[in-house]
Structure formats: structure tokens, C-alpha cells
Visitor: 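Quick one: structure below, then a few questions.
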Amino acid sequence: MNDQIITVGIDIGSITAKAAVLNGGSIIGSRVQFTGYNAKKAGRDVLDALLADLGIEADRITAIVSTGYGRNNIDFADKAVTEITCHGAGAHFVNPEIRFVIDVGGQDSKVIRLDENGKVTDFAMNDKCAAGTGRFLEVMARALEVDLDEFGSLYARSDHPARISSICTVFAESEVISLISKGESRENIVAGIQESVASRISAMARRVGVAPPVMMTGGVAKNIGAVEALRKKLETDIEVSEYAQVNGAIGAAILARRLVM
Amino acid sequence: MADAPEKARDPEKEKRKIKSVSKMKEIMTNYYIEAKTARDSGKKVAWITSGGPVEPLIAMDVIPVYPENHGAMIGASKMGVDLCEKAEEMGYSRDLCSYARADIASAATNGGPIGGLPEPDFLVCCNNICGTVLKWYEVAARYYNVPLFILDTPFVHREFSDAARDYVIRQIYEYIDFLEVQCGKKADFDRMQEVGKLSVESMRLWQAVLDVAAHKPAPMSAFDAFFHLALIVTLRGKPVVVDYYQGLLDEMNERIRDGIAMVPNEKYRLLWDNLPIWYKTKWLSEKFASHDACLVADTYTSAWSGVLPLIDENNFLETMSVAYTKIYINISIDLMIDKLREMIRKYDADGLVMHSNRSCKPYSLGQYDLQKMVMKELKIPTLIIEADMVDERQFSESQIDTRIDAFMETLKS
């Protein structure tokens, strides 16, 4: 696939904007930065910065596909495609064996079932509530004064995960605060939080029907505690792509390639 | 200030407009004027649930008024949130049906698109559509201090026992006794039979109107059915309904002859399940049309004619009571899947869109199972949209936008 065709995927999420560049069907670079207020500007900026990193002139790009909540704001893209299709395409590109994708981003989580060609056969999204998303973990990390990156190692050290029963982010935060005041260990609270996220996602995944092999994508996949809790809950192995956070952007770049091939 | 230049009308759009619409609006306006001025004309007004047997009321010259149709009007005029919030201030739970909340608040404040419904002389509640109506109508009975008749229709799992049949038939006669007391006159059974014939005729014509969408491309969509439904719900048994639907059917057949499709370039045909999202019908219709998709039929608007084969015109009262018990929403999912299968085949649907309606629990319960059955057996993709028929606070546009786009991407790939 060394055809030197350069395509770009831009994924504008609720918290971060991602860009990925493909050259001849290989990933040559990706970048993540905060979305902020202006989705279009975020898309432009993340792409410009990535192109500068890679030393590629903008006029060498053959096609751009945008995705994510801000997909329709990226007016310099050739096409806007939903993150469902893009995450499916991205996961299939990274590992064609994958039949089930769990994507947990900043503001929503979704599960996607794929066929052997990477085509989406069914999907489900949570869209009524932020519990079970990256935002939920951020709020909890703040309440616990823990860096999000530490969540994983804290989970591993927990001996008895606390029970977080509330399904609302705000009420769950008060629950966490009351656990803190009762002197519960940070490890056990963090583990409880991860398990509550895993419970919500596994219910949605089971509704669609989990079909291994499973891949987890999105920013939350970087959190090894959340992945571990989900592994336990779903009783199945979960592959985490090294490109987890930019998986949607990679999928978009793949689809951009299909536009011109 | 100079007048704004008149907008040039798009001839393509004009061609697609259904001409009967203005006549329909006129009939509904006259109906509500008659209902609102019933006191002056010495007529009685009864509130009745949407699935209730209205024919005896028509035969007794009572004006039927439908709080649910009113609820739909509130939703369509985007006054739902305001009224729902008022009901919540009164102490009603946000989890209560939004028709009930909007209507209760409208009664208390004379709010809504027509300044509230005319006060009832009595109430008729049939629980074939849900359990909420029992409490809702009890509240109305207390509020207006008027009598309430409850028609209890047992849920139909697979079989329908003789005891259940006798039970509903006996209640129909109790219903007539109740009406005789309320109206202070004897029931005229010949008149009842006549009204029954007109009702059956309306249902036949309504079904024939819905059937035109089996044609490719469909001359009308489910969104049009949602609008034209009002007459079969509110005025079946009256001659005006027969005339109107005959005219609408003629117009539809003309459109088929002239090759006029509701969605230009119709490529995908979808089936809708559950009540409409009244405040978003235009948005949804344009959204699907932008993907060359037409919602050709739905399980909701056919509820009023789906039981037609069960009715015998010559024994209208008794067969009607059984038919009313077996409407789409009062049956198990085993029977619902039969109906869905039949509709998917009849309209040659490529996909199913289910509105998981926060307000309507009996309609929404079982949708996930139905979805699985449809995907497994009929192998067509299914989309679930979580929303509410009247309460706009339950509708998150950008999320639903993404779901529809993703669903259409799946369908197209």
C-alpha cells in the first residue's frame, strides 16, 4: 500500500480534538489536544500542528474525513462520518479480527458490533447521562485529588472496592465524598468508581451482545483500572489499541482513503 | 419599513404538499369550536381515552373530547415543557406520562394551544392503552367533580378466553346504561348500529390510506399519517370522517398515478414504532429525507384500523368491545412481533426505527426484545431513539442526530 496517498482523519470530541495522518495506508502520525470552545478552530489547529510535526505540506493531503460531535463544524473536510462508523473502521484497521468495540470518550460511551469486513452491524450509545464516561472519571479524580493516570495503579492495590451505587455523576460525587469522610481508602474508592463505570458499560454491551475479540478505544481505554474492571465484569479479554484515543481519527483517515481509492 | 419581498415558492416542494391538509385543519377547528361551545348548544361533553369506544357517545349525541389528542397538539405546538413543568410544580412526578402532565396543567391554568379543553360532563376511561389513564381520569373526575366510567380490558397474551370476552361485552352494556343515566335518555340501538357502520367505514378508508405507502416511492410518509390520524381518533363514527378519508385516499392514488413521492429520491424505506415525537416531526422528517429515507409506515397510526378484521358490522357493539381489547398496545410481544413482521413485509421496510418513549411505558416496554427478534429473524437494522412524545427535555438533538447518521451509514454500507 505504498501509494503515497495522504489522508487525514479529524475527530472532534467533547473534551479533545484528535487528528491522524495516513500515508499509503500506514499511520504516520497522530495528535491530541483540547477542543475548547471553537470546534472548527480546534480541528484546524490540531491538524496544522500535526502537519508541522510531520513536515508535511497541507496541499499534499488528498482527502479529509471529520468525525465526533464537532464533525459538521469541520467545513474543510470532504465528508463527515459518525464516530460509530469511524471507531469501527479504526479498530478493524488496527486488528481485523476485532468484532466488538467499546469506545468510552469524554461525554458518551458506545458499543459497536462489527462483521468480518469491519462493517457496523449494531451499536448502542449512552446519551442521557455522563456516568460511565471520561467526564465521570475526571470529576471523581478531582474529588479524590488523584491524577487520572494514577487511577490504574490505585485500582490494582485495592483490597475491597467500595460500592458506588448512584447512577448520577453528581450524586456519585457526593457518595465518594461521604466515603472519604468515613475514612475509606483511596484505593478502594478508586476501584469502586472503576467498577461502577464498568457496570454501566457492560450492561449496554450485553444489550447489543458481546462478541469477542473485544477492543476498547477512546480516552478512557488509557485508564488501565477501568479496562481491568470491564474485563472482570464482561469476563472476556479486552485488547487496548496503542492508538486508543485516536482510534476514531484513524478510522476517519481510513474512510478518507476509501473516498479516493 | 418596506415589506419583505415575497419568498419564491419552491415548485418541487409545492408539488409534494398534500392538498387535503387544509380541509383537515378546518374539520378539526370546527370540532374544537363545537366542543368549546357545547354548553351554549346544550350538548354534553365527555372526555375519553384514545383507545376508548367512542361510537356509543356519537350515537348519544355527546361530544367526545380526547385529552391525548390535546396532548399531541400541545407537543406539536412546543408548549409541552412549560405545561409539564407546571404539573411538576403542582407535585406530579417528572416520570409521569407527559400527556397526563401537560393536560392536567392545562386544565388547571387554561394553558395550551386552545386555552384548555372544554370541561367534561362525565369521563370515559378505557385501560386498553395503559394503566396511567386510570389515575389520570380519577384526578380529572375529582377536579371537575363529574362521574367516571371505567372500561377494563384484560391484557391479551396469546389466547383470549371466553370469560375475558364475556367480561368486556358485559361492560359495554354497563357503559350504555351509564350513558343513558348521564344523558337522561334511552339508547337508540339502530342509531348505534348506523354509527358503527360509519366507524367501520372510516377504519377501512384509513387503512386504505395507510396502505398507499406500500407503493414505491411512497406518496405519503408516517409523518403525514401522524397528522391525518386525528380524525380517526376523535371523530370516527361521523360521516365527515368517511368523506375526508375518501378524499385523502383519492388524492394519494392521484399522487401514485402522477409519480409524486413524499421523499424525493426515496432509497430507503423505514418503519416507525411508538408514538411520534410531536415537537420534532419536522426535524426528524427532514433528517431522514436528507438520507433519502422515508418512514413509510408505523405501528401507531394503524392501531385504530388494525383490529378491523375482528369487527362484524352487524354485531358492532359486541365485536367492537373485543376488538378494542386486542389493539396493538394491549397485546404481548409475541403478538406484536407478528404485527411487525407483517408490516415490514407489506411495506418492504429496510430498517426499523423505534422511539423508546419515556412517557409511554406499555409501548416502550419490550422494544429491546422486539429489536432482537427483528434483527435475528428479519435481518434488518434497528435504531432506538430515546425521547419523549411531548416533553422536549428528554430529547438531546446532537446525540440523536449522531445515532440517526450512524444508523443510516450502517444501512447504506
Side-chain angles (χ1 to χ4, degrees), chain A residues 11-14 39 65-73 79-89 92 101 103 105-130 133 203-209 211 248 251-252 254-255 258-259, chain B residues 94-95 98 277 280 283 286-288 290-291 293 350-359 364-388 391-413:
Chain A
D11 177 2
I12 308 292
S14 61
V65 163
S66 60
T67 187
Y69 277 108
R71 66 186 180 282
N72 294 321
N73 297 103
K79 195 179 175 185
V81 178
T82 64
E83 49 274 35
I84 316 284
T85 303
C86 288
H87 274 280
H92 183 76
V101 183
D103 171 57
Q107 116 180 334
D108 71 15
S109 46
K110 48 191 153 301
V111 296
I112 306 159
R113 223 162 64 187
L114 299 175
D115 69 7
E116 60 280 9
N117 302 314
K119 189 190 145 188
V120 176
T121 55
D122 195 13
F123 67 92
M125 292 167 80
N126 92 321
D127 64 13
K128 285 285 179 282
C129 161
T133 67
M204 185 167 63
R206 288 223 161 87
R207 208 163 70 202
V208 170
I254 302 283
L255 297 174
R258 280 189 208 153
L259 286 180
Chain B
R94 194 169 164 161
D95 290 323
S98 54
I277 302 171
K280 282 286 174 193
W283 184 85
E286 286 171 358
K287 179 78 206 165
F288 281 107
S290 75
H291 286 289
D350 305 303
L352 171 65
V353 181
M354 301 180 115
H355 167 206
S356 175
N357 183 353
R358 209 173 158 78
S359 272
S364 308
L365 185 78
Q367 275 179 319
Y368 283 101
D369 291 307
L370 284 169
Q371 178 194 31
K372 279 196 184 123
M373 290 175 180
V374 166
M375 288 174 72
K376 197 172 159 208
E377 191 198 322
L378 301 159
K379 309 245 174 332
I380 64 166
T382 305
L383 171 71
I384 293 192
I385 294 177
E386 288 169 50
D388 187 275
D391 190 346
E392 214 166 334
R393 293 170 297 176
Q394 302 292 350
F395 189 94
S396 37
E397 190 169 298
S398 89
Q399 276 92 342
I400 288 171
D401 191 64
T402 299
R403 281 192 193 200
I404 294 174
D405 284 347
F407 174 70
M408 291 310 301
E409 282 165 9
T410 309
L411 207 60
K412 289 172 188 175
S413 69

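Quick caveat, the model's predicted, so the values are computed rather than measured. Only heavy atoms go into these numbers, but all of them, side chains included; no hydrogens, no water, no symmetry mates. Order of the sequence lines sets the chain letters (A, B, ...), proteins ahead of strands, with each chain counted from 1.
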Visitor: With only heavy atoms counted, which part of A:Val208 is less than 4.5 Å from chain B, the side chain, the backbone, both or neither?
Guide: neither

Visitor: Applying side-chain hydrogen bond (donor to acceptor under 3.5 Å, both in side chains) to B:Glu409 and A:Thr85, what does each step give before you reach the verdict?
Guide: CA-CA 7 Å; B:Glu409 282 165 9; A:Thr85 303; 2.3 Å; yes

Visitor: Can you tell which part of B:Leu383 gets under 4.5 Å to a heavy atom of chain A, answering side chain, backbone, both or neither?
Guide: side chain

Visitor: Can you tell me if B:Asp391 uses its side chain to pair, donor with acceptor, with the backbone of B:Arg393 under 3.5 Å?
Guide: yes

Visitor: Could you go step by step and tell me if B:Asp401 and A:Arg71 meet the salt bridge (Lys or Arg N to Asp or Glu O under 4.0 Å) rule?
Guide: CA-CA 11 Å; B:Asp401 191 64; A:Arg71 66 186 180 282; 3.6 Å; yes

Visitor: Among B:Lys287, B:His291, B:Arg403, find the one that has a side chain to side chain contact (heavy atoms under 4.5 Å, CB included) with B:Met408.
Guide: B:His291

Visitor: Can you say whether A:Asn72 sits under 4.5 Å from chain B via the side chain, the backbone, both, or neither, judging by heavy atoms?
Guide: side chain

